[in-house]
There are 2 protein chains.
Amino acid sequence: MTMASPSRRERLRAATVTELKDHARRLLTTGGVPAISLRAIARDMGMTAPAIYRYFPSLDALVLHLAEDIYEELRVAVEDARHAAGADPVEQLIAMTHAFRAWSLAHPAEFGLIFGNPVPGIDAYAAAASACRPGGEAAARFGAPFLETLAHLWAQRPFPTTPPPHLAEAFAPTLGPFRLRHGEPELPVEVIYEFLAAWTRLYGMVAMEVFGHLHWAVSDVTPLFEIEVRRVVKSLGGAPA
Amino acid sequence: MTMASPSRRERLRAATVTELKDHARRLLTTGGVPAISLRAIARDMGMTAPAIYRYFPSLDALVLHLAEDIYEELRVAVEDARHAAGADPVEQLIAMTHAFRAWSLAHPAEFGLIFGNPVPGIDAYAAAASACRPGGEAAARFGAPFLETLAHLWAQRPFPTTPPPHLAEAFAPTLGPFRLRHGEPELPVEVIYEFLAAWTRLYGMVAMEVFGHLHWAVSDVTPLFEIEVRRVVKSLGGAPA
DNA sequence: TTACCCCCATAAACGCCGTTCACTATCGCA
DNA sequence: TGCGATAGTGAACGGCGTTTATGGGGGTAA
């Protein structure tokens, strides 16, 4: 019931917190995750390292909050692309995949923090704080717009899928966590499956490219990506681009 | 032109090298990549840290050699599964994908080292030593059996693909690195494309599962994986399992 | 057998790192 | 005006990778 005014102290505090994360991010982009250090952040801000403990209980906590911010930033970028793509769900999906790849290539270190090797400390903290890793909110929140768009497409013109009886047997029983977040299945199991399959396919392409695991085969991944996206879209009954 | 006998000194040296890597790996499996430290290895071996510099120029170099060993170990596991699967290329491919997933789930830390976030130091060294990352031998060597099996399948009964003229335009010109390693294209471009597409799809599934990026949606990834493998195989004209 | 040299290993030190603790100054509020 | 919460400091601990100088020990050649 306190007033809405953030009481100066809190404003300063919030400003320091964002400045801390900004400097951490600069270190992240230049030197990768292991380059983020409390002492370096403090140096860059003209502080001493222990002072940061007034704002975060540990370096891992700071990195975790940074990761959440980045997750959200990527989500917004994808949603923006979606809304700029018109009303057709197919066009929206194509725009979103392109936005996802573009952002990831432009921010490889951030991508690595969010989608790569789980950082040991992060997961421990995340488990307690219900944050961005294993049981995390962020992953589900990020997947939501993709899922939503696919659901629209499905409602508009159902695409052919693997027959449900086949899926219902083995796949549906594993959907507990999914149902926990998105409510009881308004969506048929086939659509959920199609969503997860497409999402892992997109992730595989982008992760491989960002991590450099395709350098040995291909000089430019763009054509591979474009053709693959077109394929997925076509399998969803979409029109050619 | 020296004798084949490894001259005692060299035998002891080689033994120490493998012991170093063994201890490094133990640290890797228990605490992830950042748990590998020279001092910890030295402690576990009853040595002092600087002694390790007689065998590796830096910690990064040790980790790199370890990564190469692990890459090779995974390759052997996949090849074993292939040879145990009979003569049918389709059965071989299915066995190989299962072996890949099983190994990765059983060795998450190793998987992270090889297929996850590139470790900063590794890449720098690898660029100079033509090792396992970006331009690396290991990635190509690992992909080879998959490619070979797919080529056999293709030779035996060609599967339908995206029409070559479409691919030749955009995709073929990017295949420089691939040709550099596998010679001039005895294989049609469509097959190479199909191989890379299937490989990224497999990678996406396994990486997502190992990194825990599917916990929010699914309690057990197995059905998702099984159905997806069946799909890929079917798209390759394979028989149902 | 003796002398030499190379190889292995060590101890000490440097400069990083995260984190803790005792302490101080300052700012906001009553 | 004074009090208390709050931000910040400096010193310290233990751990890290790495360098340097220094000591032993075994293989090889004289």
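The model shown is predicted, which means the values in this text are computed figures rather than measured ones. Throughout, a chain's letter reflects where its sequence line sits, starting with A, and its residues are numbered from 1.
- For the residue pair T222(B)/R101(B), the side-chain donor-acceptor check at 3.5 Å is satisfied.
- Rounded to an integer number of Å, the gap from CZ of R39(B) to P of dC16(C) is 15 Å.
- Rounded to an integer number of Å, the gap from I36(A) CD1 to dG18(C) C1' is 14 Å.
- Using modelled atom types and a 3.5 Å distance limit, the side chains of E73(B) and W103(B) yield a donor-acceptor pair.
- Side-chain N/O atoms of E228(B) and Y193(A) include a donor and acceptor closer than 3.5 Å.
- With sequence neighbours excluded, the residues that form a ring pair (Phe, Tyr, Trp, His ring centres under 6.0 Å) with F100(A) are F115(A), F142(A), W199(A).
- Under 4.0 angstrom from either OP1 or OP2 of dC8(C) there lies at least one side-chain N or O belonging to R13(B).
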* Can you list the steps and then say if Q92(B) with H83(B) is a side chain to side chain donor-acceptor pair (under 3.5 Å)? -> CA-CA 7 Å; Q92(B) 287 181 355; H83(B) 290 126; over 6 Å; no
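- Between the C1' atom of dC6(C) and the CG atom of L12(B) lies a distance of 15 Å, rounded to the nearest Å.
- For DNA chain C, the residues of residues 46-55 of chain B within the heavy-atom distance limit of 4.0 Å (strictly under) are G46(B), M47(B), T48(B), P50(B), A51(B), R54(B), Y55(B), sorted by number.
- Along DNA chain D, read 5' to 3', the first and last nucleotides having any atom under 4.0 Å from a heavy atom of chain B are dC16(D) to dG27(D).
- Per the geometry, CG belonging to L20(B) stands 13 Å off C1' belonging to dA9(C), to the nearest Å.
- Judged by distance alone, with hydrogens and angles left aside, the side-chain atoms of S219(B) form a donor-acceptor pair with the main-chain N or O of T174(A) at under 3.5 Å.
- Rounded to whole Å, atom C1' of dT19(C) lies 12 Å from atom CG of D60(A).
- Computed from coordinates, the I41(A) CD1 to dG18(C) C1' distance equals 12 Å when rounded to whole Å.
- Ring-plane geometry between F178(B) and W216(A) is classed as tilted, the angle between the planes lying from 30 to 60 degrees on a 0 to 90 degree scale.
- Between the side chain of N117(A) and the backbone N or O of G116(B), no donor-acceptor pair lies under 3.5 Å.
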